[in-house]
Amino acid sequence: QVQLVESGGGSVESGGSLRLSCAASQHTYSSYFMGWFRRAPGKQREGVAAITSDGTTNYAGSVKGRFTISQDNAKNTMYLEMNSLKPEDTAMYFCASGLGSIPSQSLFTEWRYNSWGQGTQVTVSS
């Protein structure tokens with residue numbers, strides 16, 4: 001099972017930027033997918049952005065155009081660049097990984113992921 005460690009969370013003002021990182025212990029399979037999820041206070045966890053091992057990406061509508069997901073395969077690290085942050089982006093952000101190949105429309109299906117990080121808090125003040 002892949003070990004995942006998130007970092008980069010913090011507190012920013014509305015309109016600010018943050019970059020989250022997710023370091024993976026290793027990818028033992030050539031085909032995998034990774035995603036960022038978030039859970040805001042009082043809400044269910046939701047998918048934010050996801051990326052496959054071949055570079056296919058998917059974004060939630062609420063973050064499209066503001067967030068960018070990327071990965072550095074040499075470093076086994078995934079990133080989430082978050083710009084134009086809004087108070088409603090305040091949440092605990094989790095990274096997750098899964099094995100194999102799945103349709104892009106399934107990249108926000110949580111049960112498909114078998115490894116999860118502990119989360120990093122992002123707080124955006126107005």
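This structure is a prediction, so every number in the text was calculated from the model and none was measured. Here, residue 1 is the first one in the sequence, and each next residue gets the next number.
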Next item on the list: Evaluate the side-chain contact (heavy atoms from CB on, under 4.5 Å) criterion for residues V122 and L20: first the C-alpha distance (whole Å), next the side-chain angles of each, then the deciding distance (0.1 Å), finally the verdict.
Entry: CA-CA 9 Å; V122 171; L20 305 183; 4.0 Å; yes
Item checked: Distance (rounded to the nearest 0.5 Å) between L80 CG and Q71 CD -> 13.0 Å
Which atoms form the tightest heavy-atom contact between [X] and [Y], and what is the distance?
| X | Y | value |
| --- | --- | --- |
| G98 | N114 | CA-OD1, 3.8 Å |
| C95 | M78 | CB-CE, 3.7 Å |
| V2 | S115 | O-OG, 3.1 Å |
| L107 | A50 | CB-CB, 3.7 Å |
| N73 | Y32 | OD1-OH, 3.0 Å |
| S14 | P87 | OG-CD, 3.8 Å |

Kindly work out whether a path of hydrophobic side-chain contacts (I/L/V/M/F/W/Y, heavy atoms less than 4.5 Å apart) joins [X] to [Y].
| X | Y | answer |
| --- | --- | --- |
| I69 | L85 | yes |
| V48 | V12 | yes |
| M92 | Y113 | yes |
| F108 | L99 | no |
| I51 | V63 | yes |

Item checked: Pair F67 and W36, ring centroids less than 6.0 Å apart -> no
Do any N or O atoms from the side chain of [X] and from the backbone of [Y] form a donor-acceptor pair under 3.5 angstrom?
| X | Y | answer |
| --- | --- | --- |
| T123 | S11 | no |
| T90 | V124 | yes |
| E6 | Q118 | yes |

With sequence neighbours excluded, give me every salt bridge (Lys or Arg N to Asp or Glu O under 4.0 Å) pair touching [range].
| range | result |
| --- | --- |
| residues 68-80 | none |
| residues 115-126 | none |
| residues 95-108 | none |
| residues 115-126 | none |

Please name all residues satisfying side chain to side chain contact (heavy atoms under 4.5 Å, CB included) with [X], sequence neighbours left out, ordered by chain then number.
| X | value |
| --- | --- |
| S101 | S31 |
| P41 | none |
| T68 | Y59, E81 |

Notebook entry, point to check: side chain to side chain donor-acceptor pair (under 3.5 Å): which pairs involve residues 41-57, sequence neighbours left out?
Noted result: R38-E46, R45-E110, T52-D54, D54-T56
Checklist line | Within-4.5 Å side-chain heavy-atom neighbours: F33 and I102 | finding: yes
Notebook entry, point to check: Hey, are the side chains of T120 and S7 touching, using non-hydrogen atoms and a 4.5 Å cut-off?
Noted result: no
Notebook entry, point to check: For the residue pair W116 and F37, does the interplanar ring angle fall in the parallel (under 30°), tilted (30 to 60°) or perpendicular (over 60°) class?
Noted result: tilted
Checklist line | Contact list for residues 52-85, test disulfide bond (SG atoms under 2.5 Å apart), sequence neighbours left out | finding: none
Next item on the list: Return the set of residues passing salt bridge (charged side-chain N to carboxylate O under 4.0 Å, His left out) with R66 (not counting sequence neighbours), or none when no residue passes.
Entry: D89
Next item on the list: Sequence neighbours left out, what passes side chain to side chain donor-acceptor pair (under 3.5 Å) with S17? Give chain and number order.
Entry: N83
Next item on the list: I would like to know whether R39 and F94 meet side-chain contact (heavy atoms from CB on, under 4.5 Å); could you show each step before the answer?
Entry: CA-CA 8 Å; R39 183 170 60 230; F94 302 87; 3.5 Å; yes
Notebook entry, point to check: For Y93, which residues count as a ring pair (Phe, Tyr, Trp, His ring centres under 6.0 Å) partner, sequence neighbours excluded?
Noted result: none
